[in-house]
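Report on the structure given below.
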Amino acid sequence: MATPKSVEIRGYQVGFGDCFLVSFVYSATDKRHVLIDFGTTELPPRGTPRKAGKASEHMPQVAAQIAKACGGSLTAVVATHRHADHISGFGTDGKTGKSGETIRGLKPKVVLQPWTEDPEAAKDAKTATKDSLRSPKSFVGGLTAMHGIAESILKLAESRPSWMGPTLQKELRFLGMDNISNKSAVDNLIAMGSARGATAVWAHHGSDSKLEDLLPGVKVRVLGPPNLVQTEKIRKQRATDPDQFWHLLAGPPSLRAAEPLANGLPRDKSARALGVPPEARWFRDRLQRMRGEQLLQIVRALDDQMNNTSLILLFEVFGKKLLFPGDAQIENWSYALQDAPDAEKTRALLADVDVYKVGHHGSLNATPKKLLWEDFKHRNKSGSQRLVTLLSTLPGKHGKVANKTEVPRRPLLDALKAETKLSNTNDLAFGKAPTFCYQVEITP
Ligand SMILES: [Zn+2]
């Protein structure tokens with residue numbers, strides 16, 4: 001049976017975002033390429049005066065580089081979750097300079113996404129009833145509604161009420177932008193998955209990725225996200241905290257019974273005039289009464305919730321293990337590593353991971369220290385035994401040093417540097433002649 005001779009991994013400079021091309025090399029003429037995510041919410045600064053790079057200029061260039069590296073054809077596209085910093089590049093509108101058209105032209109045979117992106121499930125979620133607030137489908141509806149909420153938050157941040165300081169405005173804008181719906185990218189992913197000869201796959205813990213038939217000699221495991229039959233945890237994440245998003249999502253009893261969030265919501269002409277999407281109108285009033293940290297907590301909870309729908313993939317090839325967890329946070333991880341019937345087996349499997357794509361751009365809660373990091377046997381090894389880590393990040397965009405939430409989190413970054421062989425997109429140049437990616441080769 002054919003087995004890859006090596007694996008090439010390219011980590012592209014997309015600022016705050018992820019974009020990895022994983023190429024399984026069978027021979028000089030047979031390479032099979034899997035693109036894992038392609039998105040950005042902010043590019044590094046360039047020029048004088050220093051200004052953030054433009055996605056509409058940069059992303060088409062990255063897409064062209066990907067097309068060149070894969071010789072015009074992709075075996076698969078993986079979109080780990082619906083955040084803009086992972087999928088915006090799949091958009092076909094002007095925002096990212098139609099970079100998604102280039103990717104669609106590479107005709108991926110499989111388009112792999114988490115189960116929460118199944119368009120049928122999303123459609124059903126709109127018919128939510130009182131009871132279905134408990135059902136998995138209304139969870140999907142809730143995720144969809146979040147995009148409306150994110151849009152309201154973004155509008156509020158843009159208008160900057162007098163009580164909103166510049167720091168809060170900056171963070172709300174950034175988180176809001178990450179969570180808006182990105183319809184063009186979502187539509188293009190659906191189009192690629194339903195193209196002739198292509199298969200769309202919506203995966204959950206333990207399900208078939210459909211990649212193994214296309215990648216002989218490679219074992220591909222889907223470790224996350226769990227679906228809601230497997231665990232209620234990702235939904236319950238904030239439900240018990242009265243100040244948090246999921247409590248508000250359910251709303252006060254009167255509102256909840258009459259009009260659940262996923263089901264239309266109260267009509268409000270003035271809100272419509274403001275361009276607030278219908279599914280977020282009731283929320284708008286609450287937003288406008290909220291202040292500072294409270295508002296930020298809700299937006300952060302919303303952001304975490306979407307991160308916990310992230311695919312976690314483990315590739316095994318010639319005895320080496322490559323782990324790509326997207327932005328999965330602790331609630332998503334804890335199913336695979338603690339609660340699943342095969343959790344013990346999974347922990348043993350992951351202990352000797354050779355390549356680790358650092359979760360969530362190096363944030364504090366995406367690389368579980370006790371459950372994952374401390375188990376990695378290849379930390380502190382030398383030569384080809386040393387753990388290879390891949391980071392895609394842009395400092396200064398997410399969280400704050402003062403409350404130890406900065407991304408990338410300094411102690412994690414220090415540990416990655418000290419104990420592993422780290423490649424970081426933030427070390428790539430981004431100037432007149434951008435260096436588009438770092439490249440790592442994995443051999444048996
Ligand atoms: Zn991300």
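Indexing begins at 1, ligand by ligand and atom by atom, following the structure's order. For clarity, every value in this text was computed on a predicted model and none was experimentally measured. Both backbone and side-chain heavy atoms feed into the values below; hydrogens, waters and symmetry mates do not.
- Between the side chain of Q61 and the main chain of Q65, no donor-acceptor pair closer than 3.5 Å is present.
- Taking a 6.0 Å sphere around NZ of K320, one finds it holds more than 12 heavy atoms contributed by other residues, nucleotides or ligands.
- Screening H86, H361, H83 against F16 for a ring pair (Phe, Tyr, Trp, His ring centres under 6.0 Å) leaves a single residue, H361.
- With the Zn ion (ligand 1) as the vertex, NE2 of H86 and OD2 of D327 span 80° to the nearest 10°.
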Q) Could you walk me through whether M59 and K54 pass the side chain to side chain contact (heavy atoms under 4.5 Å, CB included) check? A) CA-CA 8 Å; M59 297 302 263; K54 274 191 187 164; over 6 Å; no

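- Nearest N, O or S atom of D85 to the Zn ion (ligand 1): atom OD2.
- Distance check for H361 against the Zn ion (ligand 1): an N/O/S atom falls below 2.8 Å.
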